[in-house]
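Notes for the one structure printed next.
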Amino acid sequence: MRTWRRAPLAAAAGVALLVAGTACTGEDEPDRPDDSPRPLPTAFEGELPPGVGGEPLRHLHGPGAEGPSVLDDEMGVRISSVGDAFLISSNSEEHHVLLGAEDGETLWQGERHIQRYGSDSDGSPVLVVEGRDGGTRIIGDDGETLWQGSGGRDTFVGGSVVRRPAGWSADEPYGDYTVSIPGEGELWEYTFAAPPEGGGDGAGSGNADDSAEDQTSAAPDPDRNGVPVASRDGVLLLDDGAGLLQARGITDDDAGGLLWSIAGDDPELAGGTDVQRPRPQVVGDYEIPAEQGGEGGTEEPPDEGSPDAPSPPEGDGSPSPSGSAPADGGAETGGAAPEDETGEAPMRTAVLVRWTVPEEPSVLSLHDLHTGELLWSLSEPGANPSSDEFAPPPLPGALYEPRTGTVLLPQATGETPLIAVDLAAGEIRWRFEDEFEQSISPALAMGGYVYGDAGGGDGSGVQVVLDAMDKDVVAEGLGAYVEAVTREGYSIVVSDRQRFVFPPPEGPGAEDTGPTG
């Protein structure tokens, strides 16, 4: 497998310095007065980053700009994407603007803290914004308010509103819960029962004081229920704090009915530990072809380059959750699902779960959201205990590239800080290994590419573009870099002190479905 090419990066930097030095010493170049700065460009010039195509729709700074005033913040701004929109946040104050990617329309403005990203019941991304009196407000990527709650007991979990017990904490999560849907009212009331004394529940942080015998002696009991941690398509996932993940229906016909459950010490999961039952953490949910998924219970794949390592697949079917073609030069993987009457492969929703214990390698497993079918599982190289118990998805730091079906997952411990997992096959495609690779901070992914900062994390480095299939360097040291990209593929590209908005490479309608939580 090809890997990083360091020489071109160093050479490019050397050439840039040489050219800069020559330009500064040229006798024919007149000195530019300090009070006459070079105007901001309004037309894009230079080489486009891979994955970006077409002509710019608009620029955001200077004459004729179509950007909001928040872009003039003296301390700069942060720009990210929320579904099909761009989110611009001021660095000097709590000021946020949500812009339509295609037309630049202001969809929403707010001056309260954004707590996290989330998703609606259909997987559409949302913003969880701090509300009044300790409550929250949910903003969709169209700028509409989907739900607004007061007080700290009500929390928004994947389109469902969960009322927790009074005085709730991750260490004491037991009590009465109510699950409702905005606009539809209450669907299910239940009690999360505390474990029997000596049962070794381990809720909260996997208490270090509990013995291994206590942690593994009590059999998982779905009747105790648990804390809602994720919701999608009428399915609510509960974590009981003792290593059991269960799925319950939250529809009018099946409110609270048990659909499936799995424990962290299930023999079908890869790896395993005798110390204590691993805790589940939902990474995200994904739309995948209906016949996608490797065999369950797989062990950790051999190291890359070993005689036992699998060869790159040569199939002609796409594993992409969007069913789109792979990026130019990228191989497709997996088998193609049969097409339905519309000509599109049937899809299903799958949920990716990370099973963790404090000091043992974590385990990943992919399940059909509605049936619980185990599609595959594998051991990760690092130990990845959750720092936020009962945290809803998406997993912080995780990235998903839908065209190749690649999930990038940070590793908290071990020799590698990040792995790339083939969502179709349940195999590690590649991992960051040497010192240079470990300095890369992946920021976003689209169109078969991963974009990362190769600097020290302070924004002073260069952007490196990798092939999501094999981590080959596709571009480095370009004068332009991709700052944000929406679900549909609209991108903001920064070049020569200017921001340009580009359409999707294939034009509007080439939508990919990304990870949700």
Any donor-acceptor pair under 3.5 Å from T191 side chain to A193 backbone: no
Donor-acceptor side-chain pairing of T145 and Q148 below 3.5 angstrom: no
Side-chain donor-acceptor contact under 3.5 Å, N384 with Q411: yes
Side chains of S92 and D73, donor plus acceptor under 3.5 Å: yes
Side chains of E380 and S362, donor plus acceptor under 3.5 Å: yes
From CA spacing to verdict: salt bridge (charged side-chain N to carboxylate O under 4.0 Å, His left out), E373, R348: CA-CA 12 Å; E373 176 190 357; R348 63 173 167 179; 3.1 Å; yes
Residues E483, R499: salt bridge by 4.0 Å N-O rule: yes
Chi angles and distances behind the side-chain contact (heavy atoms from CB on, under 4.5 Å) call for W376, L423: CA-CA 9 Å; W376 54 257; L423 191 65; 4.2 Å; yes
Flag for H96-E94: side-chain donor and acceptor within less than 3.5 Å: yes
Pair S124, D122: side-chain N/O donor-acceptor within cut-off below 3.5 Å: yes
Salt-bridge present (E287, R232; N to O < 4.0 Å): yes
Cation-aromatic face contact R279/F390, 6.0 Å, 45 degrees: yes
Carboxylate-amine/guanidinium contact R116 E130, below 4.0 Å: no
D176 bridged to R164 by N-O distance under 4.0 Å: no
Ring centroid separation W260 to H370 under 6.0 Å: no
